[in-house]
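Notes for the one structure printed next.
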There are 2 protein chains.
Amino acid sequence: MTEGMDRKPTITDVARLANVSIKTVSRVINGERYVTEDMQTRVRKAVAELGFHPNLSARSLAGDRSFLIAHLYGDPSGTYTSDIQAGLLNRCREHGYHLLIEEIDYSSPDIEQRSSTLLHQLRLDGVVLTAPVTDNEIVQRVLERARIPHVRITPQRESDASPSVRIDEREAAVKLTQHLLSLGHRRIGFIKGSPNHAATELRYSGFCTAMEEAGVEIESDLLEKGRFTYASAVPCARRLLARDDRPTAIFASNDEMAAAVIAVAVEQGLTLPRDLSIVGFDDTPMAQMLSPALTTVRHPVREMGEAAADILFAAFAQRGQAASTSPAPHRVLPYEIILRQSTSVAPAQAAAAKKAATKKAR
Amino acid sequence: MTEGMDRKPTITDVARLANVSIKTVSRVINGERYVTEDMQTRVRKAVAELGFHPNLSARSLAGDRSFLIAHLYGDPSGTYTSDIQAGLLNRCREHGYHLLIEEIDYSSPDIEQRSSTLLHQLRLDGVVLTAPVTDNEIVQRVLERARIPHVRITPQRESDASPSVRIDEREAAVKLTQHLLSLGHRRIGFIKGSPNHAATELRYSGFCTAMEEAGVEIESDLLEKGRFTYASAVPCARRLLARDDRPTAIFASNDEMAAAVIAVAVEQGLTLPRDLSIVGFDDTPMAQMLSPALTTVRHPVREMGEAAADILFAAFAQRGQAASTSPAPHRVLPYEIILRQSTSVAPAQAAAAKKAATKKAR
DNA sequence: TGAGAAATTGACAGCGTTGTCTGAATGGCT
DNA sequence: AGCCATTCAGACAACGCTGTCAATTTCTCA
């Protein structure tokens, strides 16, 4: 790389050095067809020699790509957001794209103003939506009108208009609940998440399905409303555990709230999991750090970010071609039930099991 | 806002509608001097009516601002990265800027290539560096050469060349260690963090200072090397607690590693904090979720992000003016020692204290 | 061998802003 | 009244790239 230039090299400098037209340089940079080997090498050599990097502003102004995608989120909770972003970045790196992040207050009245500014100022090539923004109609409308490809992560419902990435939250909740049922639990408390997250109702619905299928009555007294945070779950846990007929198990809608349940249980002198089984959801790093380590569902968040990016880049690749022929793709990633130490047989049954074991031992 | 346009409105459209020149529109948008009230309102009305948003690519191509800043990091650990970004975003929002994030592998050989691409392609107005990237010389050199304002968060040393934001890590470690000493601990294990984080040596150095000042010998056997992760600290904790003369307290260089110590201690049947006192560092949300809740240092991460952004925006404001007159600003934010349940009097002393109490009670 | 198709390169006009320069109007001062 | 400084508005040329179109060469197949 030759130094000494005080000005950043432009495509013109490269063209001059390689003794070709700027258009040819542009062709090589963009990997267009119809350039001979000879030209390619000549141009590449000049590019390397000058340390040339095409100016993104100019490219986006002249062409119709900005090499920018954005992650819109409304709830920077825990590691979720950064895991999604890690996934997106992995793919961006491979494709020479850059990632912009924007937190938008979904409850604010100027959300239309803000999102519209964001999308019109920058000429975003694509957008990824998570958490409460996923289902925000205003943002969706703005994106639709601006015709910006976007992927919704964990949407309420799959829509034909936009692709999505998710896991089968309902099914995972069913399986997790069945695990508790199989351990003999019948009185199971449930702590819901934030009402504006699609996952909240999906997880609860899965819980209900499993309970009904098992013929176990769902007691509305054992349903608590949290907001996916530790703090929000503390009073929920207190109420559930203060009852004379306290549940033998609690299904917290995410790991953070499960951590709160553990803390409250320990505080009240319960021995875990003997006196109370607890399950979480997401398998955040915290899940294995808790004691007892948490039985939960592995939520492949980073992979979901990668999948979302894959969908976007695939869309970019076939841009301009038959647009509305194929319906929007919907990817459903595999989850996994992770059994750890926070769940065990229900108290009553535990006694019975012990008796049986003793009998057998004789 | 009038709909129906299939093309995004440009400055020309605004100029035509307001019946002024595009330059005047530009002046109003940028808040330049020499525009009459009358003109201002006329232009603003037209802008509102068309729903005009100036195109960032064009602005950055024509002018010398991109309205983009980037966060470069090399270690997306836990909530640290997202907290920094939350702080940056808070300020970006106020100033109409956007935030780009880029994870760079500091150990990779193409780091120069990657950072240089990043900085030349996009015309970044400023950059914020955290964690291992803060002290990476290659990145610093590239930034310096490109004359891009940048702020280093938690640097090894304050440099005249670039501003920085930090807390007094050494002093905080001193205080935290003194807390342990005051509880009677003398045999204190220490688990270091990753070697490429400046905080690692600073925290250890603070620990050593406090020990020396108290006239307590530092046993090299009680020094373990972790990497700021839970997993890395597990074997460290095992080694420390397997000793016959195990320490009565352990100073883990961050909360995550402290969590590992707690887990190992519990696993080995120790009662906390009676048998072992543990301190962490950072006061991540996890610290209060652990049991026992962790004594630690509150690290104002989000505020540090905000402070970094403030420094950048201040630099933008006085761009072009007397450049090198004032030295680079260095902000040192306040920390706080948070006492929770993971620390108590050292075992031997505990017995003595008990005896005293009993005596008094008679 | 010739005609049409395909491959290869270049000239040049934008893309939507801001910077520079020029011109006109206004104001204050002798 | 005359002159200079200041305020205000517009014309026009960049900024660095890509898209379009035209020109030239090379290939393909009858």
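Numbers restart at 1 for each chain; the letters A, B, ... are given by sequence-line order, proteins then strands. Small disclaimer: the values here were computed from a predicted structure and weren't measured.
Atom CZ of B/Arg16 and atom C1' of D/dG10 are 16 Å apart (whole Å). The CE atom of B/Met39 sits 13 Å away from the P atom of C/dA25 (whole-angstrom rounding). Summarising the geometry, the separation between CG on A/Leu56 and C1' on D/dC15 is reported as 15 Å, rounded to the nearest angstrom. What separates CD of B/Gln121 from P of D/dG16 is a distance of 15 Å, to the nearest Å. Note: CG (B/Leu122) to P (D/dG16) measures 15 Å, nearest angstrom. Residue A/Arg33 contributes atom CZ, which lies 9 Å from atom P of C/dT8 at whole-angstrom precision. Nucleotide D/dA23 holds its C1' atom 16 Å from the OH atom of A/Tyr34, rounded to whole Å. Regarding A/Glu37, its CD atom lies at a distance of 16 Å from the C1' atom of C/dT9, rounded to whole Å.
A close approach under 4.0 Å does occur between a side-chain nitrogen or oxygen of B/Thr36 and OP1 or OP2 of D/dA9. Residue A/Thr24 has a polar side-chain atom (N or O) positioned under 4.0 Å from OP1 or OP2 of C/dG10.
Atom CG of A/Asp38 has more than 12 heavy atoms from other residues, nucleotides or ligands within 6.0 Å.
Using a cutoff of 4.0 Å between basic side-chain nitrogens and carboxylate oxygens, B/Arg93 and B/Glu306 are not scored as salt-bridged. Note on B/Arg123 versus B/Asp64: no salt bridge recorded, every NZ/NE/NH1/NH2 to OD/OE distance being 4.0 Å or above. Salt bridge A/Glu144/A/Arg141: absent, no basic N to carboxylate O contact under 4.0 Å.
A 4.5 Å side-chain heavy-atom check between A/Leu100 and B/Leu99 finds every atom pair outside the cut-off.
Atom CZ of A/Phe316 and atom CZ of A/Phe67 lie 10.0 Å apart (nearest 0.5 Å).
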**Q.** Annotated protein contacts, base or backbone, on nucleotides 17-22 of chain D with a non-hydrogen cut-off under 4.0 Å, one of B, S, - each
**A.** BBBB--

